[in-house]
Amino acid sequence: MRLLLTSDTHLPKRAKHLPAELLAAVGEADVVIHAGDWVDTATLDLLENRAARLLGVHGNNDGPELRARLPEVARAELGGLRFGVVHETGPAQGRERRCEERFPDLDVLVFGHSHIPWDTTARGGLRLLNPGSPTDRRRRPHCTYMTAVVTGGVLAEVRLHRLPPRHPVGPGAA
C-alpha cells in the first residue's frame, strides 16, 4: 500500500496551487493523508476527486466549512497498521511522550502544524511523522511532503521529498 503524506497546504495564501510533483504523487498513492491547515475547500475537493482514498483532518487555520467536513482526529487501519492523523501535537520537546499518552492505540501518528518535517519513534514504538508543507517551507530550505509503503503490517520506504523552489509568476517576475 503506497501512502502520500502532506499537511499545511494553506491555499491560496501560501501558494496559488499545489505543486505539480505533489499532484502527480497523489495519483500514484493508494491513500493520501493530509494533516490539516487546508485553508480552502477547493483543495479538499481536489484531493477528494484525485485520491483513491483520502484521510484528512482540519487544522487551526481551517474555517467552519472545513471543520464541518473533517474531524480533528482521524484513524484508520492501513495495511495492518493503526494510523492516526492530527494537526497539532504541541512543542517538539516531549512530543513522543505526549503522543504516546494521547494515542496509546496507534502504530503511526501523522501530524502537521509546524511545517517542519519530523520522523521519530517513541519509546513505546509509536512512529511520529510530519511531512512538512508543500507550499510554505517556514525557516527550512525546501517545501516538502512524504511518501511511504505499508507491506504486511510494516511501514517502510518512508521518504521525505524536497520540492524545487517556486518562482514568482506575473508582473515583475524575472
Side-chain angles (χ1 to χ4, degrees), residues 1-59 61-63 65-66 69-71 74-81 83-87 107-120 127-170 173-174:
M1 177 177 289
R2 295 164 302 178
L3 308 178
L4 177 130
L5 287 60
T6 192
S7 185
D8 297 284
T9 46
H10 289 274
L11 295 181
K13 294 182 180 198
R14 299 286 190 240
K16 299 295 181 206
H17 39 74
L18 293 176
E21 179 181 324
L22 179 72
L23 287 174
V26 166
E28 297 170 4
D30 298 304
V31 181
V32 173
I33 298 174
H34 191 300
D37 272 5
W38 307 73
V39 179
D40 73 342
T41 57
T43 304
L44 174 57
D45 294 339
L46 174 70
L47 291 185
E48 281 181 333
N49 288 326
R50 289 196 180 199
R53 180 177 178 189
L54 178 65
L55 184 63
V57 297
H58 66 73
N61 284 299
D62 294 329
E65 284 185 62
L66 287 160
R69 292 173 61 184
L70 296 162
R75 296 169 188 265
E77 186 276 323
L78 302 173
L81 291 175
F83 276 78
V85 186
V86 67
H87 185 63
D107 300 307
V108 180
L109 179 66
V110 179
F111 67 98
H113 189 60
S114 68
H115 299 213
I116 298 171
W118 184 279
D119 182 355
T120 60
R127 183 88 175 256
L128 293 117
L129 299 172
N130 183 328
S133 169
T135 58
D136 184 10
R137 60 188 179 90
R138 193 180 285 174
R139 301 182 312 275
R140 308 300 297 176
H142 302 279
C143 291
T144 58
Y145 69 96
M146 283 181 171
T147 56
V149 174
V150 179
T151 305
V154 175
L155 183 67
E157 299 178 41
V158 176
R159 182 171 167 223
L160 182 67
H161 298 263
R162 291 177 177 89
L163 292 162
R166 289 193 319 255
H167 298 287
V169 178

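Applying the ring-ring contact (aromatic ring centres under 6.0 Å, His included) definition to pairs two or more places apart or across chains, those involving residues 24-45 are His34-Trp38.
When atom types are taken as modelled, the side chain of Asp62 and the backbone of Val39 share a donor-acceptor pair closer than 3.5 angstrom. In this structure a side-chain-to-backbone donor-acceptor pair under 3.5 Å is missing from Ser133 to His115.
Atom NE2 of His113 and atom CG of Asn61 lie 8.0 Å apart (nearest 0.5 Å). With rounding to the nearest 0.5 angstrom, the CG atom of Leu44 is 10.5 Å from the CD atom of Glu65. Atom CZ of Arg138 and atom SG of Cys143 lie 11.0 Å apart (nearest 0.5 Å). Distance check: Arg127 CZ to Leu109 CG gives 12.5 Å after rounding to the nearest 0.5 Å. Atom CZ in Arg53 sits 9.0 Å away from atom CD1 in Ile33 (nearest 0.5 Å). Taken to the nearest 0.5 Å, the OH atom of Tyr145 stands 14.0 Å off from the OG1 atom of Thr135.
Partners of Glu157 according to the salt bridge (Lys or Arg N to Asp or Glu O under 4.0 Å) rule, which considers only residues two or more places apart in sequence or in another chain, do not exist here. For Thr120, the side-chain contact (heavy atoms from CB on, under 4.5 Å) partners at least two apart in sequence or on another chain are Glu96, Trp118, Leu128. Legend: residues meeting salt bridge (Lys or Arg N to Asp or Glu O under 4.0 Å) with Arg2, ordered by chain and number and at least two apart, are Asp30. For Arg140, there are no salt bridge (Lys or Arg N to Asp or Glu O under 4.0 Å) partners, not counting sequence neighbours. Scanning for salt bridge (Lys or Arg N to Asp or Glu O under 4.0 Å) contacts around Asp107 gives Arg82, with sequence neighbours left out.
Summarising the local packing, CZ of Arg75 is surrounded by more than 12 heavy atoms from other residues, nucleotides or ligands at distances under 6.0 Å. For Glu48, the CD atom sits in a packed shell: over 12 heavy atoms of surrounding residues, nucleotides or ligands are nearer than 6.0 Å.
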| request: Kindly indicate, with the supporting measurements, whether the criterion side-chain contact (heavy atoms from CB on, under 4.5 Å) is fulfilled by Leu163 and Arg137. | output: CA-CA 10 Å; Leu163 292 162; Arg137 60 188 179 90; over 6 Å; no
| field | Val158 vs Asp119, side-chain contact (heavy atoms from CB on, under 4.5 Å): CA-CA, chis, key distance, verdict | value | CA-CA 9 Å; Val158 176; Asp119 182 355; 3.7 Å; yes
| said: Does Leu160 form a side-chain contact (heavy atoms from CB on, under 4.5 Å) with His142? I'd like the steps, not just the answer. | reply: CA-CA 11 Å; Leu160 182 67; His142 302 279; over 6 Å; no
| task | Apply side-chain contact (heavy atoms from CB on, under 4.5 Å) to Leu129 and Val108, showing your working. | result | CA-CA 8 Å; Leu129 299 172; Val108 180; 4.1 Å; yes
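Contact annotation: the side chain of Pro141 never approaches that of Arg162 to less than 4.5 Å [non-hydrogen atoms, C-beta and beyond]. Using a 4.5 Å cut-off on side-chain heavy atoms (C-beta onward), Asn130 and Met146 make no contact. Contact annotation: the side chain of Val31 never approaches that of Val150 to less than 4.5 Å [non-hydrogen atoms, C-beta and beyond]. Within the 4.5 Å cutoff, side-chain heavy atoms of Thr9 are placed close to those of Leu18.
The residues Lys13 and Asp37 are annotated as not salt-bridged, no charged nitrogen and carboxylate oxygen being separated by less than 4.0 angstrom.
Val110 and Pro131 get closest at one heavy-atom pair: CG1-CD, 4.3 Å. Residues Ala52 and Ala29 approach most closely at CB-O, 3.9 Å, considering heavy atoms. Between Ser7 and Ala35, the closest heavy-atom pair is OG-O, 3.3 Å.
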